[in-house]
Engineer: 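Before I ask anything, here is the structure I am working with.
Order of the sequence lines fixes the chain letters, A, B, ..., with proteins taken first and strands second; residue numbering starts at 1 for each chain.
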Amino acid sequence: MVKKERLVKNITAKSEDFSRWYTEVIRKAELADYAPIKGMMVIRPYGYAVWENIQKLMDKRIKETGHENAYFPMFIPESLLEKEAEHLEGFSPEVAWVTHGGNDELEERLAVRPTSEAIIGSMYSKWIKSYRDLPVLINQWANIVRWEKVTRPFLRTTEFLWQEGHTAHATAEEGQAETLKILDLYREFAETELAIPVISGEKTEKEKFAGAEMTYCIEALMTDGKALQMGTSHDLGQHFSKVFNIRFEDQDQQLQYAWQTSWGVSTRLVGAVVMAHGDDSGLRFPPRIAPLQVVIVPITIGEDWKETVLPVAQNTARILSEAGVRVKLDDREGFTPGWKFSEWEMRGVPLRLEIGPRDVKNHKTLAVRRDTREKQPLSLDNLAPQVQSLLDKIQQNLFDQALQFREDNTHEVEDYEEFKSVIEERRGFIKTFWCGGSECENRIKEETMATIRVVLMEADRTEASGSCICCGEQGRKQVYFARAY
RNA sequence: CGGGGAGUAGCGCAGCCUGGUAGCGCGCCUGCUUUGGGAGCAGGAGAUCGUCGGUUCAAAUCCGGCCUCCCCGACCA
């Protein structure tokens, strides 16, 4: 008999075909389904629960750093969107326009927001008059529409959900500090809650946000060796305040333009979790954001399992639930335990508890970790702390595995030829130096499809300078290259 | 947006070339036997063949438009 390596067999193995694995697991695990409009998806309850967990944990951090939530209109008059030239140029190819209200053509077209700097800037100009009005620290949870050519569930959809912070400050230094504070908040969030290690740094001129002075971002490596941008924080300088006339009078009675920032993370993070942690058997959710942290599978053997096993399973579910664990008792009849094991593994539940006649007799439950498939009996006495401790270990292990993967797939290369072959054959990050010239950046992108994901900030550099991987000139920009989503 | 592939039951597919009563596997429903890693047998339900139009006595099948998905590029969170 052939040993079954793959315990889940209704999805394509990730190692065989990553793209197919990704879309299949998202649909079969019921995270999302395609809507009948190009590039649009329905986020199903199991997927939406992940987003809700992300929201809850992110919202807490946003508020703890002094920001408040508000809500702005989803339509932006064309005249407002046009004000910042670079902003318009960057976004106009992907803006959806409302041209009619009912049967009447509108006097002025309305953009469905591709991002809200313009509408929020126009409001800030009304609200900000004095240095005493600053800083303004507002966040909004909203939907966004960008008419993308190529779409993929969660990673790039025509409509997506996100949070966008928009702040205004009295000085350039304050604005920059805010930008970096949020960048670090995002990094900490990705690592703590999503168990995804990220590198952070600056974007190049070519990759920065349309209208920003400087864009910072966090980037992670997915298990197929491609990079994913997971969050951005923009220092807008006075670009928008000058065109939206956001002015205040300072303590010296001088009129000044405000210094602004904007920053966001989106439902893309759900896709990041799928791609960073998933394996051949399906999803592996980090416990802190898993829709279900524990699934209890009763072993339905014997005539009297409903009288013996089931009550113990129900009681166990109740105890865990009361302890704050997101737990489900899968007491469906007509599915064998083995079927349920595979199903919940595919759907990424971090921990499974099996309770059968043997366990009831021994006052134990068999715990099976999704991340390692390791099995261990736990006493039913004082179960909640044991489960919590296992969930913590799983969270940590997923992070450690992802970090190990990134380290194994971050390459340093001798020359451009090696660069090309590494990108082509091994993927992953290449950590190297760049002269700062757009010719080299463009040439590398054309020839290898790799882009500069981040330019490391001073404090993160491991060497002060080196020669550009492309032209050989001395450069002070230490960068990470990768092919990206 | 360019190049390629695809859309037939909830899922995966055959049928199309050569027009003539829509099929298979899994899943679903019922019953019995099972149940500690995706159970077995028997019976049953489920499809306006992506959509709109054309050709024809007759279209899943031939022709055209459109929509959606997948892969590879150009563009982007």
Engineer: Suppose we call two aromatic rings close when their centres sit under 6.0 Å apart. Are A:W162 and A:F160 close by that rule?
Structural biologist: yes

Engineer: Starting from the 5' end of RNA chain B, give me the residue, A:K340 or A:F209, whose nearest nucleotide shows up first.
Structural biologist: A:K340

Engineer: Honestly, is A:R347 close enough over A:Y46, meaning NZ or CZ under 6.0 Å from the six-membered ring centre and within 45° of the axis?
Structural biologist: yes

Engineer: When the aromatic ring centroids of A:F419 and A:F481 are compared, is their separation below 6.0 Å?
Structural biologist: yes

Engineer: Under 4.0 Å, heavy atom to any atom of RNA chain B: which of residues 284-301 of chain A qualify?
Structural biologist: A:I299, A:T300, A:I301

Engineer: Base, sugar-phosphate, or nothing for A:G39, non-hydrogen atoms under 4.0 angstrom?
Structural biologist: sugar-phosphate

Engineer: Determine the contact category for A:T158: base if any of its heavy atoms lies under 4.0 Å from a base atom, sugar-phosphate if only primed atoms, P, OP1 or OP2 are that close, otherwise nothing.
Structural biologist: nothing

Engineer: Specify the separation, in whole Å, of atom CZ of A:F91 and atom P of B:C75.
Structural biologist: 16 Å

Engineer: Where the side chain of A:F335 is concerned, which of B:C28, B:C69, B:A74 is the nearest nucleotide?
Structural biologist: B:C28

Engineer: Could you work out which one of B:C28, B:G38, B:C69 sits closest to the side chain of A:W339?
Structural biologist: B:G38

Engineer: Does the separation of the ring centres of A:H67 and A:W263 fall below 6.0 angstrom?
Structural biologist: yes

Engineer: Where the side chain of A:E148 is defined as all heavy atoms beyond and including C-beta, which of B:C76, B:C71, B:G37 is the nearest nucleotide?
Structural biologist: B:C76

Engineer: Just the rounded figure in Å: distance from C1' of B:G38 to CD1 of A:I11.
Structural biologist: 13 Å

Engineer: Just call it for A:L155: base, sugar-phosphate, or nothing, with non-hydrogen atoms closer than 4.0 Å on any strand.
Structural biologist: base

Engineer: Quick one: A:D17 CG to B:C70 P, roughly how many Å, whole number?
Structural biologist: 12 Å

Engineer: Quick one: which of B:G37, B:C1, B:U35 gets closest to the side chain of A:E345?
Structural biologist: B:G37

Engineer: Rounding to the closest angstrom, what is the interatomic distance between B:A22 and B:A60 at atom P?
Structural biologist: 8 Å

Engineer: Does anything in residues 351-362 of chain A reach RNA chain B, meaning a heavy atom under 4.0 Å, and if so which residues?
Structural biologist: A:R352, A:E354, A:G356, A:P357, A:R358, A:D359

Engineer: When the distance from CD of A:E86 to P of B:C76 is rounded to whole Å, what number comes out?
Structural biologist: 13 Å

Engineer: Looking at B:G38, I'd like to know if its phosphate oxygens (OP1 or OP2) sit under 4.0 Å from a side-chain N or O belonging to A:T336.
Structural biologist: no

Engineer: Does B:G73 have a Watson-Crick or wobble mate here (both distances under 3.5 Å), and if so which one?
Structural biologist: B:C1

Engineer: So what does A:M230 hit on the nucleic acid, given a heavy-atom distance under 4.0 Å: a base, only sugar-phosphate, or nothing?
Structural biologist: nothing

Engineer: Counting only Watson-Crick or G-U wobble pairs whose two distances fall under 3.5 Å, which nucleotide matches B:C62?
Structural biologist: B:G54

Engineer: Give a yes/no answer on whether the side chain of A:K445 brings an N or O atom under 4.0 Å of OP1 or OP2 in B:C75.
Structural biologist: yes

Engineer: Using the C1' atom as the point on both nucleotides, what is the distance between B:A39 and B:G50, in whole Å?
Structural biologist: 37 Å

Engineer: Nearest-Å distance, CD1 (A:I37) to C1' (B:U68)?
Structural biologist: 10 Å

Engineer: Would you measure the distance from the P atom in B:U61 across to the matching atom in B:C16 and give it in whole Å?
Structural biologist: 13 Å

Engineer: Check the phosphate of B:C71 against A:S19, side-chain N and O only, distance under 4.0 Å to OP1 or OP2. Yes or no?
Structural biologist: yes

Engineer: Identify the nucleotide, in any strand shown, that forms a Watson-Crick or G-U wobble pair with B:C24, with both distances under 3.5 Å; if there is none, say none.
Structural biologist: B:G12

Engineer: Mind checking who B:A42 pairs with, Watson-Crick or G-U wobble, both distances under 3.5 Å?
Structural biologist: B:U30

Engineer: In whole Å, measure the gap between the P atoms of B:G54 and B:U68 for me.
Structural biologist: 23 Å

Engineer: Is there a donor-acceptor pair under 3.5 Å between the side chain of A:N53 and the backbone N or O of A:K56?
Structural biologist: no

Engineer: Can you tell which of A:K14, A:Q401, A:H277 makes a side chain to side chain donor-acceptor pair (under 3.5 Å) with A:T223?
Structural biologist: A:K14

Engineer: Establish, from distance only, whether the side-chain atoms of A:T204 and A:E441 form a donor-acceptor pair under 3.5 Å.
Structural biologist: yes

Engineer: Would you please confirm or rule out a distance under 4.0 Å between OP1 or OP2 of B:C70 and any side-chain N or O of A:Y34?
Structural biologist: yes

Engineer: Report yes if a side-chain nitrogen or oxygen of A:R20 is closer than 4.0 Å to either non-bridging phosphate oxygen (OP1 or OP2) of B:G12; otherwise report no.
Structural biologist: no

Engineer: Write down the distance separating the P atoms in B:C24 and B:C69, rounded off to the nearest Å.
Structural biologist: 31 Å

Engineer: Given the side-chain rings of A:F72 and A:H166, with only the six-membered ring counted for Trp, is the space between their centroids under 6.0 Å?
Structural biologist: no

Engineer: Look at the side chain of A:E191 and the backbone N and O of A:P197, then say whether any donor-acceptor pair between them is shorter than 3.5 Å.
Structural biologist: no

Engineer: Pick one: which of A:R406, A:K203, A:K226 meets salt bridge (charged side-chain N to carboxylate O under 4.0 Å, His left out) with A:E219?
Structural biologist: A:K203

Engineer: Among the nucleotides B:G38, B:C11, B:C13, which one has an atom lying closest to any side-chain atom of A:K28?
Structural biologist: B:C11

Engineer: Tell me which nucleotide, if any, is Watson-Crick or G-U wobble paired with B:C49 when both distances must be under 3.5 Å.
Structural biologist: none

Engineer: How far does the P atom of B:G4 sit from the matching atom of B:G38, given to the nearest Å?
Structural biologist: 45 Å

Engineer: Rounding to an integer number of Å, can you tell me how far A:R483 CZ sits from B:A74 P?
Structural biologist: 10 Å

Engineer: What is the base-pairing partner of B:A6, counting Watson-Crick and G-U wobble geometry with both distances under 3.5 Å?
Structural biologist: B:U68

Engineer: With the side chain of A:V368 defined as its heavy atoms from C-beta on, choose the nearest nucleotide among B:G37, B:C69, B:C71.
Structural biologist: B:G37

Engineer: Which part of the nucleic acid, if any, lies within reach of A:K375 when heavy atoms closer than 4.0 Å are counted: base, sugar-phosphate only, or nothing?
Structural biologist: base

Engineer: Using heavy-atom distances to pick each residue's nearest nucleotide on RNA chain B, tell me which of A:G338 and A:V150 is more 5'.
Structural biologist: A:G338

Engineer: Within this structure, what is the CG-to-C1' distance between A:L88 and B:C76, rounded to whole angstrom?
Structural biologist: 16 Å

Engineer: Rounding to the closest angstrom, what is the interatomic distance between B:C1 and B:U48 at atom P?
Structural biologist: 30 Å

Engineer: A:H234 and ring-ring contact (aromatic ring centres under 6.0 Å, His included): which single residue from A:F209, A:F240, A:Y216, A:W259 fits?
Structural biologist: A:F209

Engineer: Is it true that a side-chain atom of A:D184 and a backbone atom of A:L180 form a donor plus acceptor pair closer than 3.5 Å?
Structural biologist: no

Engineer: Taking CZ from A:R152 and C1' from B:G73, how many angstroms apart are they, rounded to a whole number?
Structural biologist: 15 Å

Engineer: Under 3.5 Å, is there a donor-acceptor pair linking the side chains of A:R453 and A:T451?
Structural biologist: yes

Engineer: Identify the nucleotide, in any strand shown, that forms a Watson-Crick or G-U wobble pair with B:C17, with both distances under 3.5 Å; if there is none, say none.
Structural biologist: none

